[in-house]
Amino acid sequence: MLSRGRKYRAAAALVLLLLIAWAAAPWMATASVPAAAWTAAETPKLIALTFDDGPRRSTTTALLDGLAERGVKATFFLIGKQLENNEDLIRRMDAEGHQIGIHTYDHVSLTGLSKADFDAQVAVTRQKLMDILGHDGFLLRPPYGAVDDAVRKNAGCPIILWSIDPEDWGDQNAAREIEHVVANAKDGSIILLHDIFSPSVEAALAIVDRLHAQGYLFVTVEELFAARHITLEAGEVYRDAYP
């Protein structure tokens, strides 16, 4: 019998095979996303698990261990000032197939900033990630989900928000967070959690187990939109990929 991790990795491989031709970040590619071969009955329920505010060595490591055990890929929106001394964690995320994005340098609202201040939050973080990983293609998640025309203009990449937010930064109650996410999960949802809280890590892994049992397949944000034939555009805001 396949282990749980091997079983989930086999399921995820079906999605990855369909996306194999989509090698570059979609907002940098010239070709459209290839059509998936699924019929309506065969199409799995896809969902993206995303984490903000990391990395934090203790909790992010525990989360990566749990995701690896389950064969799950997630998307991490990282804080620039927390990259130093966590370079190994970031390289591990990348090597294990997780997607990495930008959550500013200091976790400040990007609305109302001058171009210079915007770049100090986004461009500086982008360069630090490029120095660590050797590639670009990072999505942007503005803190608090705050977006205005200037943020769209200056982003230089797609802007990813969310459709499910259990506000885990509040009471840090894992049981409540699990029930909130599971009750609101839909095919194409983007879940927001924070990998800097131990209860959120506990909740995230339980959510994965619960939703796996309901037939959901966890994918990165890019994989989610590619599977729905949605080309992500720089400066555009995305909250879900409902079919």
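A quick note: this is a predicted structure, and the numbers were derived from the prediction, not measured.
- Scanning for salt bridge (Lys or Arg N to Asp or Glu O under 4.0 Å) contacts around D195 gives an empty result, with sequence neighbours left out.
- Listed by chain and residue number, nothing satisfies the salt bridge (Lys or Arg N to Asp or Glu O under 4.0 Å) test with E167 (two or more places apart in sequence, or in another chain).
- Using cut-offs of 30° and 60° on the angle between ring planes, the pair F76 and F51 is parallel.
- Annotation: salt bridge (charged side-chain N to carboxylate O under 4.0 Å, His left out) contacts involving residues 102-116, sequence neighbours excluded, comprise K115-D119.
- Take Y238 and apply the ring pair (Phe, Tyr, Trp, His ring centres under 6.0 Å) test, not counting sequence neighbours, and it matches F225.
- Among residues two or more places apart in sequence or in another chain, the ring pair (Phe, Tyr, Trp, His ring centres under 6.0 Å) test is passed with H180 by none.
- Scanning for ring pair (Phe, Tyr, Trp, His ring centres under 6.0 Å) contacts around F77 gives an empty result, with sequence neighbours left out.
- By the side chain to side chain contact (heavy atoms under 4.5 Å, CB included) test, R152 is found to be paired with V147, D149, I159, V237, residues two or more places apart in sequence or in another chain being considered.
- Listed by chain and residue number, H103, Y144 satisfy the ring pair (Phe, Tyr, Trp, His ring centres under 6.0 Å) test with H107 (two or more places apart in sequence, or in another chain).
- Looking at residues two or more places apart in sequence or on another chain, you find a side chain to side chain contact (heavy atoms under 4.5 Å, CB included) between A206 and I178.
- Applying the salt bridge (Lys or Arg N to Asp or Glu O under 4.0 Å) test to D117 and every residue at least two apart in sequence or in another chain returns nothing.
- In this view, D148 satisfies the salt bridge (Lys or Arg N to Asp or Glu O under 4.0 Å) rule with no residue, not counting sequence neighbours.
- Applying the side chain to side chain contact (heavy atoms under 4.5 Å, CB included) criterion to D88, with sequence neighbours excluded, gives R57.
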